[in-house]
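Counting convention: from 1, in listed order, for ligands and their atoms alike. Note: hydrogens, waters and symmetry copies are ignored here, and every other heavy atom, side chains too, is used. The structure presented is a predicted model; accordingly, all values stated were derived computationally and were not measured.
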Amino acid sequence: MTIQSKLPTVGTTIFTIMSKLAADEGAINLSQGYPDFNGPPRLLELVTESMHAGLNQYPPMTGIEPLREGIAGKVAELYGTVVDPVDEVTVTSGATEALFCAVHAIVRPGDEVIVFDPCYDSYEPAVTLAGGHCVHVPMTSDFAIDWQRAREAVTSKTRLVMVNSPHNPSGSVWTRDDIDGLRSLLALGDIYVVADEVYEHIVFDGRAHESLTRYPEIWAKSFVVSSFGKTYHVTGWKVGYAVAPRELTREFRKVHQFVTFTTPTPLQHALARFLDEYPDHHRELGAFYQAKRDLFVDLLRPSRFAFSPSAGTFFQLLDFSAITNEEDEALARRWTKEAKVASIPISLFYVEPPKQNILRFCFAKDDATLRQAAEVLCQL
Ligand code: PMP
Ligand code: GLN
C-alpha cells in the first residue's frame, strides 16, 4: 500500500540529522539549538516538589492560572501592554505547538502566507497542512526584511504573515523601522500576524526586543509566540505560549484543545513559581548569552571565518568562503566527521538559497565547550 503524502517534500529535520551525526561521530555539537548545561537548580527542584504535591493530573486546557498570570505580568512589565491572562494567554506544548495552532486558527485552503527566507523549518509544513500556500520573500544579504519586496508579495489571497525576531538562523534583530514596515504591509489587506519571539530575552549590545505586544494596533491582529525552553535552558520540556487578543485566542484554543489539549502539569507549576521567585532570570538572560557570544567570537578572531557578531539568539553565523567552496550541507557533514564540530547549514532554510557560504553555530554551551570548539575551528 502506498500512502499519498500530505507533505511530500518534507524529510527528517536537519536539527535531528546533525545532532545524530554529532553523537555518532563523537563531535562537539554546535548544531541543534540547545544548551549543554542544566536549567536553574531551583527550577528543577520545583518540578519534583510539584510532582510530590500531587500536581500530576490534567491542568486546565488553557494552562494553569498562575502561569498565565505570570506571562501576562511579564508582558506588562517588559512591553507595557496589559493582556488578559484569562482570555488572551494560552500555555502550549512548546512554541512549535503554538505556531501550528495559530496557523490552523487562521489559514484556510487557498490562502497565502508570507514568510521570510531563511525561514524556520516548522512554518511551511503547518501552512501546507492547513491547505495554505507559503509565499517566500528573501531577506537581504544582512538578514533584514526588505519591506518593499514584502509589500509587493501581498495579493488578495494574503491571509497571514509570519515574522521572527530575534531571528533563527541569522541572529538578526528587528528595529523600529521593521515595525513601521510591518504596519505598512498590514495596511494592504485583512492580514494577520504570527510573531515567533522565542528568543525575546536574548538580545545584545543594548538593543531592545521589539515585541509586537508593544504595539496595540499591530497586536490586535497578532499571535505572539514564545517558549520557556530557551529562557530557562530546558528546551526538552516543551513549554511555550501564545498571547493573542481574545477573539484570536478563542479560535486558537479550538485548535489547541485537539492538538495537545494541555501541557504537563508539574512543569507549568514549577515555571509559574520560578517566574515569581526569580524575575531577574529573564532580565539577565541577554547579558548571560552576550558573554558567551563574546567569548566565542573573540576566540574565532584568528580563524579564517568571516562574521559579524550576532545581534540576538544563541546562534552565530560563520562565513567559510576563505576556506572552501563546498556546499554548506556537505561541508557541515564533513566537518562533523573530520573536524568533530557539528553545525547547521543554512541553505536548507530557503526555497532558493542565494550564493553564500555560511554555517550556523550554537553558542548556548559551557565556556569549556566553546573553547574546545573554537580551537578546532581556528585550525580549519
Ligand atoms: N521558533 C524558533 C525560531 C525556534 O528556534 C524554535 C526552537 N528552537 C522554536 C520556534 C520551537 O520552540 P519549542 O522548542 O518551544 O517548540
Ligand atoms: N530550534 C532549534 C534550532 O534551531 C531546533 C529545534 C528542533 O530541533 N526542532 O536548532
Side-chain angles (χ1 to χ4, degrees), residues 10-23 29-36 39 63 67 71 90-103 115-127 139 143 162-174 193-203 209 211-212 223-243 256 259-260 263-264 267-268 271 282 285 289 310-317 332 336 342-349 358-365:
V10 171
T12 303
T13 80
I14 191 65
F15 305 119
T16 302
I17 289 172
M18 292 311 300
S19 273
K20 180 169 186 312
L21 190 62
N29 189 3
L30 305 192
S31 65
Q32 192 176 23
Y34 62 83
D36 70 347
L67 188 54
I71 294 163
T90 311
V91 177
T92 59
S93 291
T96 310
E97 196 227 331
L99 293 164
F100 189 90
C101 294
V103 165
V115 297
F116 299 95
D117 284 3
C119 171
Y120 186 63
D121 69 345
S122 82
Y123 303 170
E124 182 145 25
V127 171
M139 293 173 96
F143 302 99
M162 298 185 76
V163 298
N164 169 217
S165 176
H167 181 247
N168 181 5
S170 74
S172 68
V173 169
W174 275 29
V193 186
V194 171
D196 180 344
E197 302 188 3
V198 300
Y199 300 102
E200 63 180 317
H201 305 300
I202 314 178
V203 292
H209 168 59
S211 176
L212 297 195
F223 300 85
V224 173
V225 169
S226 192
S227 172
F228 290 108
K230 320 287 168 187
T231 304
Y232 296 108
H233 317 308
V234 289
T235 58
W237 287 12
K238 298 296 287 188
V239 186
Y241 57 91
V243 177
H256 162 71
V259 173
T260 57
T263 297
L267 302 184
Q268 291 197 49
L271 286 163
H282 62 264
L285 197 65
Y289 275 120
S310 173
T313 74
F314 43 50
F315 302 117
Q316 177 63 50
L317 297 184
T336 304
S343 57
I344 294 288
I346 72 160
S347 61
L348 304 178
F349 300 96
I358 296 175
L359 293 170
R360 189 199 80 176
F361 293 80
C362 173
F363 56 79
K365 305 292 164 187

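Ligand 1 has no nitrogen or oxygen under 3.5 angstrom from a nitrogen or oxygen of Thr235. Taking distance alone, with nitrogen or oxygen atoms compared against 3.5 Å, Gly33 approaches ligand 2 more closely than that limit. Annotation: Thr13 places no N or O atom under 3.5 Å from an N or O atom of ligand 2; distance criterion only. Among the atoms of Gln32, some N or O lies under 3.5 angstrom from an N or O of ligand 2. Taking any N or O of Leu99, backbone or side chain, none lies under 3.5 Å from an N or O belonging to ligand 1.
Ring geometry for Phe349 against Phe15 counts as tilted: the plane angle lies between 30° and 60°, on a 0 to 90° scale. Ring geometry, His233 versus Tyr289: the interplanar angle exceeds 60°, so the pair is classed perpendicular (tilted spans 30 to 60°). Taking the six-membered ring where tryptophan is involved, the planes of His282 and His201 are tilted, since the angle between them lies from 30° to 60°.
Of the residues Leu212, Asn164, Val203, the one that meets the side-chain contact (heavy atoms from CB on, under 4.5 Å) test with Trp174 is Leu212. Paired with Phe223 under the rule side-chain contact (heavy atoms from CB on, under 4.5 Å), one option of Leu99, Val103, Val194 passes, and it is Val194.
A donor-acceptor pair shorter than 3.5 Å cannot be found between the side chains of Thr263 and Lys238. Between Asp196 and Tyr123, the side chains place a donor N or O and an acceptor N or O closer than 3.5 Å (distance only, hydrogens not considered).
Taking every heavy atom of Gly94 and a limit of under 4.0 angstrom, the matching atoms of ligand 1 come to 15 (O), 16 (O). In summary, the atoms of ligand 1 found under 4.0 Å from a heavy atom of Lys238, numbered by their order in the structure, are 13 (P), 14 (O), 16 (O).
Distance from atom 6 (C) of ligand 1 to its nearest protein heavy atom, with residue and atom name: Tyr120 OH, 3.3 Å. Regarding atom 1 (N) of ligand 2, its nearest protein heavy-atom neighbour is Tyr120 OH, 3.0 Å.
In Thr16, neither the side chain nor the backbone holds a heavy atom less than 4.0 Å from any atom of ligand 2. Proximity of Tyr199 to ligand 1, defined as any heavy-atom pair under 4.0 Å, is confined to the side chain (atoms from C-beta onward). Contacts between Thr96 and ligand 1 below 4.0 angstrom, taking non-hydrogen atoms only, involve backbone and side chain alike. Looking at Lys238 against ligand 2, nothing comes within 4.0 Å, counting heavy atoms.
By the 4.0 Å heavy-atom criterion, Phe315 is counted among the residues contacting ligand 2. For Lys230, the heavy-atom gap to ligand 1 drops under 4.0 angstrom.
Heavy-atom proximity to atom 15 (O) of ligand 1, evaluated over Ser165, Ala98, Ser227, is greatest for Ser227. Closest heavy-atom approach to atom 1 (N) of ligand 1 within the set Asn164, Asp121, Asp196, Val198: this belongs to Asp196.
Across Pro345 and Ser343, no two heavy atoms sit closer than the pair CD-O, 4.0 Å.
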